[in-house]
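Encoded as structure tokens, the structure appears first; notes follow it.
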Amino acid sequence: MPEEPTDDTAAADGDQGARMVAAMAGVYGDHPDHRAAHATGVGAAGTFTATPEAAALSRAAHLQGSPVDAVVRLSNGTGTPGVADGVRDGRGLAVKLRLPDGTSTDLVGLSLPAFFVRTPADFLALMAARTPDPATGAPDDAAIGAFVAEHPESLTALGAAMAALPPASYATVRYFGVHTFVAVDAEGRRTPFRYRWEPDAGEATLTDDEAQARPPRYLADELAERLAAGPASFTLWFHLAGDDDPLHDPTAVWPDDRPAVAVGHLELTRTASAAEVDPLIFDPTRVVDGIACSDDPILAARSAAYGASYARRSG
Ligand code: HEM
């Protein structure tokens with residue numbers, strides 16, 4: 001069954017969402033049958049089980065300790081389908097947890113600790129700067145340089161993206177939720193946090209030469225082989241905000257010494273077909289009672305963009 005956009009946010013901000021998707025098509029090319037970003041990916045499925053510590057932070061249904069079904073999509077960041085897995089790129093882990101009451105909640109992580117921009121307007125400006133020169137088809141280095149000069153906050157994510165070697169496996173990548181969310185416990189106490197998936201297999205990368213010598217879909221192939229041999233797993237950590245940590249700025253990384261609580265384990269046991277994951281929208285604002293979104297303007301903008309991309313690809 002195709003999925004519907006999360007809520008009326010998508011309708012209310014539909015124009016902005018459509019503008020963002022059109023801007024991404026300017027950068028990646030127009031591929032209406034694919035996701036506007038993270039066009040290439042593979043599905044997997046398994047179970048998420050919360051730790052006993054999770055329920056003390058949040059009353060959310062998936063954090064009480066009973067295993068819940070999980071369907072996930074692991075992806076490459078580019079919106080251009082057909083780019084080989086061996087290039088340097090952000091990677092995504094999108095997780096949908098199916099709750100006993102028939103609803104679901106999504107956690108959408110990226111292999112970068114920060115995002116490139118703070119606001120939807122800056123996102124559109126970055127996409128405009130990254131749009132290739134129509135005369136040459138080449139990137140417009142001057143426009144990108146001018147954007148970065150005006151937006152030094154984008155350097156954290158840009159630097160991390162440029163430095164990240166291709167992964168050995170989708171199962172050896174750390175995935176960051178990037179935004180701040182708020183955990184709400186049974187008494188209504190609120191704890192701002194950011195989430196992170198740590199691969200239980202540890203991080204592992206390839207050199208550029210090794211990655212480019214692999215088959216074009218080596219990450220999908222490797223995941224299928226790995227799952228045929230046994231589960232692949234990740235631990236979900238909540239990193240708790242310090243008093244002065246920015247709660248609305250996804251370009252700013254929090255210091256490493258913040259308290260972190262392991263709240264659950266994701267065990268992937270099988271691949272999931274395109275027919276299972278393509279009709280899904282993984283939307284980080286699809287939260288349930290016990291988890292709230294922060295006022296991060298990028299987080300708020302995502303639902304409409306994902307809805308617009310979904311409308312386009314489901315045609
Ligand atoms: C304004 C900022 C952003 C815009 C406009 C945007 C836009 C999009 C769009 C249009 C899609 C395809 C959705 C679909 O067709 O289902 C997508 C997918 C994705 N985005 Fe973003 N995105 C933004 C920020 C982020 C951030 C901050 C993260 C970091 C966690 C992120 C991670 C992902 C991932 C992992 C996917 C793939 C989801 C899947 O497999 O279905 N995005 N994004």
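Counting starts at 1 for both ligands and their atoms, in listed order. Note that the structure is a prediction, hence the values are computed from the model and not measured.
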Self-check item: Protein heavy atom at shortest distance from atom 39 (C) of ligand 1
Solution: Arg73 NH1, 3.3 Å

Quiz item: Measuring from the heavy atoms of Pro120, does anything fall under 4.0 Å of ligand 1?
Solution: no

Self-check item: Taking atom 31 (C) of ligand 1 as the reference point, the nearest protein heavy atom with its distance
Solution: Arg302 NH2, 3.1 Å

Quiz item: Any idea which atoms of ligand 1 are less than 4.0 Å away from a heavy-atom of Ala305?
Solution: 5 (C), 10 (C)

Quiz item: Does an N or O from Ser309, backbone or side chain, lie closer than 3.5 Å to an N or O of ligand 1?
Solution: yes

Self-check item: For Ala94, the ligand 1 atoms whose distance to one of its heavy atoms is below 4.0 Å
Solution: 38 (C), 39 (C), 40 (O)

Quiz item: Quick one: do the Asn76 and Thr78 side chains pair a donor with an acceptor below 3.5 Å?
Solution: no

Quiz item: Just wondering, do Val261 and Leu240 contact through their side chains at under 4.5 Å, heavy atoms?
Solution: yes

Quiz item: Between Ala301 and ligand 1, which part of the residue brings a heavy atom under 4.0 Å of the ligand: side chain, backbone, both or neither?
Solution: neither

Self-check item: Asp289 side, atom CG; Thr103 side, atom OG1 - distance, nearest 0.5 Å
Solution: 10.5 Å

Quiz item: Does Tyr175 have a non-hydrogen atom less than 4.0 Å from ligand 1?
Solution: no

Practice problem: Provide the number and element of each atom of ligand 1 under 4.0 Å from a heavy atom of Gly92. | Solution: 35 (C)

Practice problem: Taking only Lys NZ, Arg NE, NH1 and NH2, and the carboxylate oxygens of Asp or Glu, determine whether Arg189 and Asp185 approach each other closer than 4.0 Å. | Solution: yes

Quiz item: Which atoms of ligand 1 are found less than 4.0 Å from any heavy atom of Met20?
Solution: 1 (C), 5 (C)

Quiz item: Strictly by modelled atom types, are Arg73 and His38 linked by a side-chain donor-acceptor pair under 3.5 Å?
Solution: no

Self-check item: Nearest non-hydrogen protein atom, atom 30 (C) of ligand 1
Solution: Val108 O, 3.2 Å

Quiz prompt | Minimum side-chain heavy-atom gap Arg91-Leu219 below 4.5 Å | solution = yes

Quiz item: At what distance is the nearest protein heavy atom to atom 8 (C) of ligand 1, and which residue and atom is it?
Solution: Tyr306 CE1, 3.2 Å

Exercise. Compute whether any side-chain donor of one residue and acceptor of the other, for Thr235 and Asp200, lie under 3.5 angstrom apart.
Key: yes

Self-check item: Heavy-atom side-chain proximity of Phe116 to Met127 below 4.5 angstrom
Solution: no

Quiz item: Heavy atoms, side chains only, cut-off 4.5 Å: are Pro166 and Arg88 in contact?
Solution: yes

Quiz item: Got the closest protein heavy atom to atom 16 (O) of ligand 1, with its distance?
Solution: Arg313 NH2, 2.7 Å

Practice problem: Determine the sole option in Trp237, Phe234, Phe181 for which the ring pair (Phe, Tyr, Trp, His ring centres under 6.0 Å) test with Tyr195 is passed. | Solution: Phe181

Self-check item: Atoms in ligand 1 flagged as close to Arg35, the criterion being non-hydrogen separation under 4.0 Å
Solution: 12 (C), 14 (C), 15 (O), 16 (O), 39 (C), 40 (O), 41 (O)

Quiz item: Any side-chain heavy atom of Glu267 sitting closer than 4.5 Å to one from Pro231?
Solution: yes

Exercise. Any atoms of ligand 1 less than 4.0 Å from a non-hydrogen atom of Ile298? List them with their elements.
Key: 1 (C), 2 (C)

Quiz item: Any N or O of His179 that comes nearer than 3.5 Å to an N or O of ligand 1?
Solution: no

Self-check item: Whether Met24 lies under 4.0 Å from ligand 1, heavy atom
Solution: yes

Quiz item: Considering only heavy atoms of Phe176, which atoms of ligand 1 have at least one such atom less than 4.0 Å away?
Solution: 30 (C)

